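Chain letters run A, B, ... following the sequence lines, proteins first, then strands; residues in each count from 1. Being a predicted model, the structure only gives us computed values, none of them experimental.
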Amino acid sequence: MTDKTADYNFTEIEKFWQKKWDDDRTFHAETSSPSPKYYILDMFPYPSGAGLHIGHPEGYTASDILARYKWANGFNVLHPMGWDAFGLPAEQYAVKTGTHPAATTSANIENFRKQIKSVGFAIDWQREINTTDPSYFKWTQWIFLQLFKMGLAYVDEKPVWWCPKLGTVLANEEVIDGKSEVGKFPVERRKLRQWVLRITAYADRLIKGLGSLDWPDSTKRLQTNWIGRSEGAEVDFEVADSWAKGQKLRVFTTRPDTLYGATYMVVAPEHPIVDKLVSDRQKDAVAAYRKEIASKSDLDRTDLAKEKTGVFTGAHAINPVNGKLIPIWVADYVLMSYGTGAIMAVPAHDDRDYEFAKRFDLPVIPVIEKKDSEGNPLPLPFCSQGTMINSEKFSGMDSGDAKRAIVKMLEDKKIGKSSVNYKLRDWLFSRQRYWGEPFPILWVSEDAYKAASKSAVWNGKLPAEPVSYKDESGKILFALPLPENQLPLKLPEIENYRPSGTGESPLARASGWLNVKINVSTGEVLESADSRACGADWVEARRETNTMPQWAGSCWYYLRYCDPSNDSAPIGAEAEAYWGYPDFYIGGAEHAVLHLLYARFWHKVLHDCGVLSGDEPFKRLFHQGIILGELEFTGYKKDGKWIGADKSSEAGAEAVKLSESEVEKSGAAYVLKCDKTVTVEARSYKMSKSRGNVVNPDDIISKYGADSLRLYEMFLGPLEDQKPWNTNGIEGVYRFLKKIWREYVGKDGNLSEKISDGVSDDPSLLKALNETVKKVTSDIETLRFNTAISQMMIFLSALQKAERVSKASAEKFIKLLAPFAPHIAEELWARLGNVSSVSKAPWPKPEESNADDEPVKMAVQVNGKLRGELTAAKSATKDEILEAAKSLKNVAAFIGGKTVVREICVPGKIVNIVVK
RNA sequence: GCUCGGGUGAUGGAAUGGUAGACAUAGCGGACUUAAAAUCCGCUGGCUUAACGGCCGUACGGGUUCGAGUCCCGUCCCGAGUACCA
């Protein structure tokens, strides 16, 4: 313990115990432990230059409470921390200042580690990891090679989001409303050679796997929608016109039951078949339309979505079910990237087709009928199920049955088949940046690739289909994986971190690193200029200049914590067998689709290639809600109407005068006790630098201590809710801690005289303590920390009122407090005479009371309205309780002169007497 | 538009269908103090009553129930996600 000061000197206490936990490695988890394991994972932070945000300690405190609670329950707990340290900010800083991103990163990590330690988390710092450490990204690269080998990584020249300002491409997920997620810069479409991961091959498994997971429903739904599986059919339509005889137009539809209602077809402007379809007469119009669309960014295309556009090709298709001729149009509301890039349009039963048909005066034929609750037919268009009409032999059928019947007919006639489509696209995996993991790939000629494929070095390391592309000079280059013994492939030192602007990363400027020779029999790599690289086996090779996106390192970090220094595998078999995967994973909901989907994908891949035994990484997931800034004044309302938007508003001048003194006095804008008809409106916003409402955890810790910060963040409200910060509110938990201190520590600094061995506690104190043990235990299990803290506050009031307390009870309470406020708990635990850490002391068990004569309070209602209250023994019979209830003065008054029709008595809860 | 989530005192929030507002903040009053801070005690949803008590009250309108903040139907408002995915 610290020196026996009489005051609650939180700064000294917290420093002392943080150092002791560090020195003693109190929270180090051994893989060889005989105890049951519990693995608690936080989403690791990006160590930004801005330092710890007030939101970080929220999730970390929650997981820390759980970790400490599990330690106290005899578990061997893995609660690690690490750094997701590749990323754009450090690189942008490098572009500006020339500082190496590694230097920025390591300084930021230092700062983050210091800040996180100052909150007093029970973290196993022996297992700290850093995604930018070569011993870590060696395995990120190794995993990429597994993906490559399995044919799940390929290159593709395709339109991608290019951000000129950032000089890089971005993933779909990183583009929000036509702007980059980072920096909010405009983006455009560009065709570039990119690495892509075949996540779509896992689409079904990624949906199915969700079923067994203990995740928030909303997150499961988000992922399911993101993958966007839809079942339907592919149908071939023959083109009727002479100039396009024999052409077939294949469409995807989820509603084959509406086939008889198809009155026209639409192909995407980019669809290659358009050239073949277009008639001479429509040639110019179609060309003009396609040009117009091509010049538009996707943002414009979406913006124009209000009014549908399109143009007739001049061609017609034959509806395969009824032989009718229907016109084929080109329109940008059909996307080339989904389905087949062509649709059959059924305006009667699709909103978009209906809108288009109305605009261009195309026929609308209803083929399904449905009536509302009053028996009136639903107006067109409606997209639900119903009874088939206008559909020849299918008329009269239920549309769901017709769907199956029509698909079967199409399959029999071989003009269609059932089919599944996904919204999910393959994962664009390369970035034109410096500060990321380099791809362990060399580009070589076809001959070199063939030679290498015969060598034992690459035996079983190459994909079934070689990955290749044609460079600007027309030469075809093949992707040859770097032999595993040459990992990690480190980044070269360069002077200029600016993107090359041509679509290549700054790595393209590191010519010594870039251009190498590789020995196709031994796999050795040397710089091009190296004189040792001579002989027939040595061939020219160029390294891949792209780097991996930031997601790569975070896709598997949870595995590395289990075995952080293993240099022969990403995770060893023993570590995997013992730790398995996180029992509990907590982090923000903003990662609901990206990180959490990518990590699941990699996990399944690693399972498939035999590295892992399990198929899903995160069995139990929880999202903490974000902490918003303090409530801010937004304006005044009078009789429900806005009378002033801000303090200076003239319209609200009178109201401002009325309330300003109150506002001044309380120092908070949202207090109103003025004119009753005037309300002050306030709301809270996300914390941001520009708004100036950022709360720095360091300031809170120096003013109130880490224990207060932890307690307050947990007391703020339910963990999963968004909630506003309120610096005033922290006074409450700070007072709570000071009160505890005063109950335990006397004025002389010794243990309070109130606490002594050998006294027996007052029954009411014992009861309060027992209730607190129960409530705190169950609330930790269910992560309801706010009510657990309330309960401890209730116990403290009981303790303050008691004249004496036994040492045993005093210790019990400290054990309950320890996960929440570990520093003060350790200090008081030590002052109570204990030598080892309170964090390892066994968790208190509630004592079940058997006393039948224990009095319980019950409410008494007459006709459902509360009329009185009574106290009865726990063992009292219903009759006894009812009699007591009826004899209550107020109850008697309400039932007097009336007939009792029913009596409800729930012992221990409530009595309700129904009278007439 | 669609899909979720949510509307409870001045504020953050409590309430397995069973005494609405626990706990805390802010406020008011009091004790201690030369004073302030700190600390302790009391009050604090609205209306009504001298008081006991009564009436109303969980966004709004209905319903189920002995009993509804909680369950069901409809409406309004706020927040999040998503968007021509055929």
Roughly, in whole Å, what's the span from [atom1] in [X] to [atom2] in [N]?
X      : N     : atom1 : atom2 : value
A:N726 : B:U25 : CG    : P     : 11 Å
A:D721 : B:U8  : CG    : P     : 12 Å
A:Q722 : B:G13 : CD    : C1'   : 15 Å
A:L719 : B:G13 : CG    : P     : 13 Å
A:Q223 : B:G81 : CD    : C1'   : 14 Å
A:F715 : B:U11 : CZ    : P     : 17 Å

- Task: Please determine which of A:T258, A:T253, A:D257 meets the side chain to side chain donor-acceptor pair (under 3.5 Å) test together with A:R255.
- Result: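 Only match with A:R255 under side chain to side chain donor-acceptor pair (under 3.5 Å): A:D257.
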- Item | Closest-nucleotide 5' rank along RNA chain B - winner of A:K909 and A:A859 |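 By nearest-heavy-atom nucleotide position, the 5'-most residue is A:K909.
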Show me the donor-acceptor pairs within less than 3.5 Å that the side chains of residues 337-344 of chain A make with the rest of the protein, sequence neighbours left out.
{"residue": "A:S337", "atom": "OG", "partner": "A:R425", "partner atom": "NH1", "Å": "3.4"}
{"residue": "A:Y338", "atom": "OH", "partner": "A:S230", "partner atom": "OG", "Å": "2.8"}
{"residue": "A:T340", "atom": "OG1", "partner": "A:R250", "partner atom": "O", "Å": "2.6"}
{"residue": "A:T340", "atom": "OG1", "partner": "A:A342", "partner atom": "N", "Å": "3.4"}
{"residue": "A:T340", "atom": "OG1", "partner": "A:A342", "partner atom": "O", "Å": "3.3"}

- Face-on cation placement of A:K308 at A:F356 ring, 6.0 Å and 45° thresholds: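 Output no; distance or angle outside limits.
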- When you measure from the side chain of A:I904, which nucleotide among B:A86, B:G18, B:U39 comes out closest?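 Nearest listed nucleotide: B:G18.
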Just distance, no hydrogens or angles: give the donor-acceptor pairs under 3.5 Å from side chains in residues 899-909 of chain A, sequence neighbours left out.
{"residue": "A:E903", "atom": "OE2", "partner": "A:K886", "partner atom": "NZ", "Å": "2.5"}

Look for any protein N or O under 3.5 Å of an N or O in nucleotides 52-56 of chain B and output each such pair with its distance, or none.
{"residue": "B:G54", "atom": "OP1", "partner": "A:R867", "partner atom": "NH1", "Å": "3.1"}
{"residue": "B:G54", "atom": "OP1", "partner": "A:N890", "partner atom": "ND2", "Å": "3.0"}
{"residue": "B:C55", "atom": "OP1", "partner": "A:R867", "partner atom": "NH2", "Å": "3.3"}
{"residue": "B:C55", "atom": "OP2", "partner": "A:R867", "partner atom": "NH1", "Å": "3.0"}
{"residue": "B:C56", "atom": "OP2", "partner": "A:K865", "partner atom": "NZ", "Å": "2.9"}

- Give A:I343 one of three labels, base, sugar-phosphate or nothing, depending on what nucleic acid heavy atoms sit under 4.0 Å from its own.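 Base, at least one base heavy atom under 4.0 Å.
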- Message: Categorize A:E903 for me: base, sugar-phosphate, or nothing, with a 4.0 angstrom heavy-atom threshold over every strand shown.
- Response: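 No contact.
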[atom1] atoms of [N] and [M], separation to the nearest Å:
N     : M     : atom1 : value
B:C73 : B:C4  : P     : 13 Å
B:U70 : B:U19 : C1'   : 16 Å
B:G13 : B:C66 : C1'   : 31 Å

- Answer yes or no: side-chain N or O of A:E731 and base N or O of B:U25 forming a donor-acceptor pair under 3.5 Å.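 There is none.
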